[in-house]
Amino acid sequence: MSNELQIAFNEIAQLRELPSEVVLDALQTALVSAYRKDTGASAAQAIEAEIDPATGRAKVFVEKEVVDEVYSAATEVELEQARLSDPAVELHDVVMVQVDHNTSTFGRIAAQTAKQVILQKIREAERSALYDEFINREGDLMIGTVQGTNSRKVTLSLGRAEADLPRSQQIPGERYRTHEKIRVYVVEVSKSSRGPQILVSRAHREMLHRLLEYEVPEIYNGQVEVKKIAREAGHRSKVAVAALQDGIDPVGACVGMRGIRIQNIVKELHNEKIDVIEWNPDAVQFITKALSPARVVGVFLDDDPAEGKTAVVLVPDDQLSLAIGREGQNARLAAKLTSWRIDIKSVLETVQTALDNLDAPPLAGWSAPYSDLVAESLRIMEKRRLDLAVMPEEFKTLERFASLVEARLQEARDAKHEIFIHRRTSVRETLAPTLFELPLDVLDVSQEVLDAIEPYENIGEVMLLHLVDESLVARKLADIEGEPIAELQAALDAIMAADLEQLLAEAISIEEDEEEVSAVEAADEQPAEAEAQSTEADADEAEMADVVLDAFGQPIAPEEAPAPVEEEVLAPDLVIAVPGPAPDAAAQRRDARDERPGEAQFGDEDGEKEFELELRKGKTQRRKDRQKRRQLVLDEASGEVIAKRRRKSSRGTWDEETWEDYDY
């Protein structure tokens, strides 16, 4: 018996790829469920089961109360019998007593319950084992086999599990054939009732990172580091690398001898162009290399405290199209790689603009020390106007003049920024700190105005910028019809006239109400899900209604003469008899009904835009809800600003007559 049981456990463990302890635990749990079903034991009564792997014997222990005289054998036990299990037990104690309940006496309903529990436990263990296996592969490359394709996604087989390759994560222009093997990047692994849901990608920037690790030993060993990647899948990518060890050329290591290493990656990514550049802590040098293969004359950094970081890049006219790239691709990737907004200007355009504005600030009076250079530039530009040949040395002169002009313009911008920062610091000291904690949605303005000022994050930042330089706010609102500046000014005046502490408390209270509503909605979704699962379980039980089984290998005397049966042996102590169809017919029907859940949406570039759009929609809806629940009005009797807030009733519906007034 010991050998047979061990062989059965090993077979199930190998077939399902599960530890034998999991199978044994499933049998014990099934025995408890069968005993409850057979005896009608209460769910509050503790019941335990043990199966000895060496002998295959099953023992059932039931919680009973020790009494002098037994009136209910199901819940009570005499003192003498109880002391066989625990010699120290006394009257009215509760003790776990082994019951003499033979598994051969189980009815068909109890046996059916045992079978369902065993199958459920094994399925749960399989799902958990699969999840544990693939969660460790998250962020890694895997090879999958194409099983099927449609307009929305490609289904891949990763061995024991399937993965989804959504359309947004596919390389544009790639075609996938059934049974074709492709390499993918595992983006996310999540749990579900159908097993692990695996989202893979071929367009993710990290896939390029992993391919570089596989092809370049220096990256895998930590001698070369990939600092940043900017990628437009299927078209072009830029990779910034840096050497962590002296004497190593990071770009040469990635490219390989005669470009063999980088060519392998290019072929894997459907002939995607890859530019490998050396990372540099100096932003000027880094931006210059990021715009390769274009030649750059000069880079001038403008770190505007209001508008952000912008790099003005001068390039020769014959390099302008190369620097910008097809549809702006080269400049766009360089901006992503360097985290600077890049403004590309041609040398001739800069020179002509400067010559036309030499008498206007900030160039007024600046050109006196460079009179010879200005005169030479005028002469060269006149030659170009007359379509005369311009020598390379003359182009060098124009580049030098353009660089000096841009340097002067940058000095003027830096001086303006210093004045702005000083004034902003002074104005901020005059504003109440509470203003910088108030959310924007307490402003009584239109949704278009709220969307325009959203980057400022709080009312204090809007008010600060409005007081320091109103033109900056006006530019944000320039595309809005009507008089948005007057509307915003009126809303800010109403905020300043209100009690800021009370307004902040009101905003926090509404945030808490929204969290409670979200929690209630989530709780309402759970019963619906549980009901759906219960319906599916009832359908499964109906399909198995005619199944007659013995859960632990003891023959069952049927109440009625059954039809001829076929037997499927799961273990020496588990024999399942099924009349008529094959034993796994019900399972096959259930599998046929199973449908994979909808694909997860995940994007590196387009997907990120979609995610930001959905997030913005959510914020917009929350703002609208808050504005409906709060109004700032002027009380004509008292002359003070009154905040009216609408409360939710106990049934979760809005009561138009339920308002509470708050004096500010």
Side-chain angles (χ1 to χ4, degrees), residues 277-278 280-325 328 330-332 334-335 337-338 340-422 471:
I277 64 174
E278 185 175 0
N280 197 310
D282 183 3
V284 173
Q285 297 297 327
F286 189 34
I287 293 173
T288 301
K289 293 180 179 180
L291 285 171
S292 63
R295 183 173 67 87
V296 175
V297 173
V299 177
F300 306 90
L301 305 179
D302 180 17
D303 193 356
D304 193 331
E307 299 295 333
K309 301 188 298 183
T310 302
V312 179
V313 180
L314 278 178
V315 298
D317 285 59
D318 59 345
Q319 298 286 306
L320 183 61
S321 59
L322 190 61
I324 296 174
N330 191 58
R332 186 166 58 250
L337 194 69
T338 60
W340 282 80
R341 187 186 302 113
I342 296 179
D343 181 12
I344 300 178
K345 299 171 65 176
S346 68
V347 170
L348 294 179
E349 176 191 359
T350 303
V351 170
Q352 187 62 54
T353 304
L355 293 176
D356 294 341
N357 296 277
L358 283 177
D359 297 331
L363 298 179
W366 163 82
S367 61
Y370 307 103
S371 57
D372 294 342
L373 183 60
V374 172
E376 181 68 11
S377 299
L378 285 171
R379 185 186 66 81
I380 296 172
M381 294 301 293
E382 181 65 18
K383 288 180 64 176
R384 282 190 54 83
R385 190 181 68 81
L386 297 175
D387 292 333
L388 299 178
V390 179
M391 297 295 102
E393 293 79 6
E394 293 175 327
F395 277 113
K396 291 290 185 182
T397 301
L398 294 179
E399 291 176 3
R400 180 174 172 233
F401 178 70
S403 298
L404 291 173
V405 169
E406 283 299 331
R408 172 56 186 164
L409 295 177
Q410 186 58 50
E411 290 177 1
R413 288 193 292 265
D414 291 341
K416 185 178 179 181
H417 296 339
E418 290 181 3
I419 297 173
F420 178 85
I421 293 173
H422 178 72
S471 62

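Just so we're clear, the structure is a prediction, and the values are computed from it rather than from any experiment.
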Exercise. Would Glu393 and Lys396 satisfy salt bridge (charged side-chain N to carboxylate O under 4.0 Å, His left out), going step by step from the backbone distance to the final call?
Worked result: CA-CA 5 Å; Glu393 293 79 6; Lys396 291 290 185 182; over 6 Å; no
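- Smallest separation of non-hydrogen atoms from Ala290 and Ile277: CA-CD1, 3.6 Å.
- Using a 4.5 Å cut-off on side-chain heavy atoms (C-beta onward), Asp343 and Asp302 make no contact.
- Distance check: Thr288 OG1 to Asn280 CG gives 9.0 Å after rounding to the nearest 0.5 Å.
- Considering only heavy atoms from C-beta on, Asp304 stays 4.5 Å or farther from Thr310 through its side chain.
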For this session: Let me see the working for Arg384 and Glu394 under salt bridge (charged side-chain N to carboxylate O under 4.0 Å, His left out), right down to the final yes or no.
Result: CA-CA 11 Å; Arg384 282 190 54 83; Glu394 293 175 327; over 6 Å; no
Exercise. Are Val351 and Val405 close enough, and set up right, to give a side-chain contact (heavy atoms from CB on, under 4.5 Å), and what steps lead you there?
Worked result: CA-CA 8 Å; Val351 170; Val405 169; over 6 Å; no
For this session: Begin from the C-alpha positions of Phe395 and Val347 and carry the test side-chain contact (heavy atoms from CB on, under 4.5 Å) through to its verdict.
Result: CA-CA 9 Å; Phe395 277 113; Val347 170; over 6 Å; no
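- Leu355 has its side chain within reach of Phe401: a pair of non-hydrogen atoms, C-beta onward, lies under 4.5 Å apart.
- Leu322 CG to Ser292 OG: the interatomic distance, rounded to the nearest 0.5 Å, is 9.0 Å.
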Problem set entry | Check against salt bridge (charged side-chain N to carboxylate O under 4.0 Å, His left out), Glu382 and Arg385 | CA-CA 5 Å; Glu382 181 65 18; Arg385 190 181 68 81; 2.4 Å; yes
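- Across Ala306 and Phe420, no two heavy atoms sit closer than the pair CB-CZ, 4.1 Å.
- For the pair Arg379 and Val374, the minimum side-chain heavy-atom distance is 4.5 Å or more.
- When atom types are taken as modelled, the side chain of Ser367 and the backbone of Tyr370 share no donor-acceptor pair closer than 3.5 angstrom.
- In terms of heavy atoms, Leu291 sits closest to Ala331 at CD2-CA, 4.2 Å.
- With a 4.5 Å cut-off on side-chain heavy atoms, Leu337 and Phe286 count as touching.
- Between the side chain of Lys309 and the backbone N or O of Arg341 there is no donor-acceptor pair closer than 3.5 Å.
- Here the closest non-hydrogen pair linking Ala323 and Val315 is CB-CG1, 4.2 Å.
- Separation of atoms CG (Leu320) and NZ (Lys345) is listed at 12.0 Å; rounding is to 0.5 Å.
- In this structure, Gln410 contributes its side chain and Leu301 its backbone to a donor-acceptor pair below 3.5 Å.
- Ionic pairing of Glu399 and Arg295 is present here: one or more N-O contacts between side-chain nitrogen and carboxylate oxygen are shorter than 4.0 angstrom.
- More than 12 non-hydrogen atoms from other residues, nucleotides or ligands lie less than 6.0 angstrom from CG of Asp356.
- Rounding to the nearest 0.5 Å gives a distance of 5.0 Å between CZ of Arg400 and CG of Leu373.
- Contact annotation: the side chain of Leu314 never approaches that of Val296 to less than 4.5 Å [non-hydrogen atoms, C-beta and beyond].
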Exercise. What do the steps show when you test Arg408 against Leu363 for side-chain contact (heavy atoms from CB on, under 4.5 Å), and what is the final call?
Worked result: CA-CA 7 Å; Arg408 172 56 186 164; Leu363 298 179; 3.7 Å; yes
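- Contact annotation: the side chain of Leu398 never approaches that of Glu376 to less than 4.5 Å [non-hydrogen atoms, C-beta and beyond].
- Distance CD1/Ile324 to CG/Asn330: 9.5 Å, rounded to 0.5 Å.
- Trp340 contributes atom CH2, which lies 5.0 Å from atom CG of Asp303 (distance to the nearest 0.5 angstrom).
- Within 6.0 Å of the NZ atom in Lys416, the count of heavy atoms belonging to other residues, nucleotides or ligands does not exceed 12.
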For this session: Take Ile342 and Ile287 through the test side-chain contact (heavy atoms from CB on, under 4.5 Å) and record every step on the way to the result.
Result: CA-CA 9 Å; Ile342 296 179; Ile287 293 173; 4.3 Å; yes
